[in-house]
S.K.: 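Here it is, the structure, as structure tokens.
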Amino acid sequence: MEELTVEVLRAWARTALAELARARTGIDELNVYPVPDGDTGTNLYLTWEAACDALPKGELTFTEAIQAFGRGALLGARGNSGVITSQLIRACGLRLDENLPRNRDAAGGAERPGAAPGVLADARMSEAAAFADALRYAADAAYGAVAQPVEGTMLTVARAAASGAMTAANDGKSLADVCLAAVASARQALTKTTEQLDVLRRAGVVDAGGAGLVVILGAMESVLTGRHVLVDVPARVEPQGEDAVSQDGPAYEVMYLLDAADDKIGDFRQSLDALGDSVVVVGGDGLWNVHVHTDDVGAAIEHGIDIGRPHRIRVTHFADQAHHHEPAPGRAVIAVVAGDGLGDLFTQAGARVIRGGPGRRCSTGELLQAIEESKAPEIVILPNDQDSIAVAEAAATAARQDGIRVAVIPTRAQVQGLAAVAVHDPERSFDDDVVQLSAAAGQTRHGAVTIAVKDAWTMAGMCRTGDALGVVDGDFALITDDLEQAAYGVVDRLLGGGGELLTIVTGRDADPELAAAVERHVRRQRKDVDVMVYDGGQDRYPLLIGVE
């Protein structure tokens, strides 16, 4: 692929989000600098998710897409690493928009209207060269946003990636090869961070933020080359010193958005630097994201008031975050549901619900909002589909930073969630309740039937558009030309492993006779099995089936 388009941006956004979800826990475990709070992977995921959520659907120009993506990252940035990443995203996007061949004045050498001062519309700059130049510009911008840049961090990795890309671009390499060079250089720089920063050497880890950046760049390599690039997060090695991780340093992390004139930011950044460390101020055009570690929270906010309007202020106490929260007593169960009927079922069982399901991925932000609104000190999350588990884990990690106990029951199907919530007892201890819910979900086998919407290879073989498909425990298990026969096949396979209760959840457009036929089939074959039928209202799947 030799052109950077809106479609490429969307693909990169999706791929990087999935990879950050996969690598999040491993990156968290590397996090010892600047504060050993174990949240870098989560913060990067939340920042990237905010950028993805801000990218509008439908037809967009590249300029519109880049601006929306960058603004989403700026507004949703979390933690030191997330704020720096938002600056990298925004600066890279702005530079690309200036320098991509199709966006420039073709009369080379003329400054394009609206371009940054000194940026020439060089008609000879290729797509690959524009990408490399954007990485260089972004790395410089990230260094400039940090009051006291430190080598051995994600800044070092960003600059190395840019250097590798520039060398490849100057050699006339293709866009994909320039990206390959950037990723290779970033990986090499990441391995060296352990020796560049003493706290990393003593802990036996590479820089967590740098590891996240390699994951993000690797996702772009996957998109441009068409080959899936699996970026393994380096594991912790044997620490090379005692007291590898120290809690010394400022007690609070202060973050807020700031409406302020651009020409005030230089002095403002230096005034924050006098209050603490890890000062990062990113943004532009009157909107800034401010981050500082300090012991004087009031002064950090007052400096913002002196030059503008701080808002969305967030203060985290590193030593004991839970002391800042006095939630109302109780325990909340939050369930991701795939249809209105399912929502009613979970609500009746006492759960708070968030809409998800096929074609609508639940976001971490929605889960965090539900957790906050519940005001409960103990939270159980039922994601109820495979794709929502990583989102739920990210939300749980973020909520735990605020002193909330959160458990994610890894339910992969709506019927597993129903089985879990049915045994929920708020009078039990939190740990006992989690064990009971987990056991109920784990003992529930699940299946479904659907109609193929395109020709495709499945675990059961080749299916054609319009075929009836049977799903067993998440895999396509059978293909027929009749939905009723597919449902019989799924039920028989699920009951083949034993079971006493069969639950059928009907979809929004399901023929009522389909569920009735399955119920009759079960009663003929297995008189010892109880059958329950519910209206779920979910899309795409006429029947969801569970066996306990």
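None of the values given here were measured: they were computed from a predicted structure.
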S.K.: If we ignore hydrogens and angles and just use 3.5 Å, is the side chain of T193 paired with the main-chain N or O of A189 as donor and acceptor?
M.R.: no
S.K.: Is the number of heavy atoms from other residues, nucleotides or ligands under 6.0 Å of E64 CD greater than 12?
M.R.: yes
S.K.: The test is side chain to side chain contact (heavy atoms under 4.5 Å, CB included); show your working for M220 and F131 and say whether it passes.
M.R.: CA-CA 11 Å; M220 177 59 92; F131 179 61; 4.3 Å; yes
S.K.: Between Y256 and R312, does a side chain to side chain contact (heavy atoms under 4.5 Å, CB included) hold up when you go through it step by step?
M.R.: CA-CA 5 Å; Y256 54 84; R312 271 178 46 180; 5.9 Å; no
S.K.: Please enumerate all residues that pass side-chain hydrogen bond (donor to acceptor under 3.5 Å, both in side chains) together with Q369, with sequence neighbours excluded.
M.R.: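 Here the qualifying residues are E373.
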S.K.: When rounded to the nearest 0.5 angstrom, what distance separates CZ in R71 from CG in L287?
M.R.: 5.5 Å
S.K.: Using a strict threshold of under 4.0 Å (side-chain N to carboxylate O), is an ion pair present between D140 and R95?
M.R.: no
S.K.: To the nearest 0.5 Å, what is the distance between CD1 (I89) and CD1 (I84)?
M.R.: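 Those atoms lie 12.0 Å apart.
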S.K.: In residues 45-54, what donor-acceptor pairs under 3.5 Å come from side-chain atoms, sequence neighbours left out?
M.R.:
| from | atom 1 | to | atom 2 | distance (Å) |
| --- | --- | --- | --- | --- |
| T47 | OG1 | N43 | O | 2.8 |
| T47 | OG1 | R78 | N | 3.0 |
| W48 | NE1 | A13 | O | 3.0 |
| E49 | OE1 | T364 | N | 3.1 |
| E49 | OE1 | T364 | OG1 | 2.9 |
| E49 | OE2 | R361 | NH1 | 3.4 |
| E49 | OE2 | T364 | N | 2.8 |
| E49 | OE2 | T364 | OG1 | 3.0 |

S.K.: Excluding sequence neighbours, so at least two apart, what forms side-chain hydrogen bond (donor to acceptor under 3.5 Å, both in side chains) with D263?
M.R.: none
S.K.: With a 6.0 Å cut-off (strictly less than), is the heavy-atom count around CD of E372, excluding the residue itself, greater than 12?
M.R.: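 Count not over threshold, so no.
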S.K.: Of the non-hydrogen atoms in L190 and D207, which two are nearest, and what is the gap between them?
M.R.: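 Shortest heavy-atom contact: CD1-O, 3.5 Å.
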S.K.: Could you measure the distance from the CG atom of N384 to the OG1 atom of T411? Nearest 0.5 Å is fine.
M.R.: 4.0 Å
S.K.: Return the OG to CD1 distance between S388 and I381, rounded to the nearest 0.5 Å.
M.R.: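 One gets 10.5 Å once the value is rounded to the nearest 0.5 Å.
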S.K.: Out of curiosity, I27 CD1 to R22 CZ, how far, rounded to the nearest 0.5 Å?
M.R.: 8.5 Å
S.K.: Any salt bridge linking D273 with R269? Criterion: basic side-chain nitrogen under 4.0 Å from a carboxylate oxygen.
M.R.: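 No, no charged N to carboxylate O under 4.0 Å.
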S.K.: Stepwise, does the side chain to side chain contact (heavy atoms under 4.5 Å, CB included) test hold for L180 with L224?
M.R.: CA-CA 9 Å; L180 284 167; L224 292 178; over 6 Å; no
S.K.: Using 0.5 Å steps for rounding, measure from the CD atom of Q87 to the CG atom of N289.
M.R.: 10.0 Å
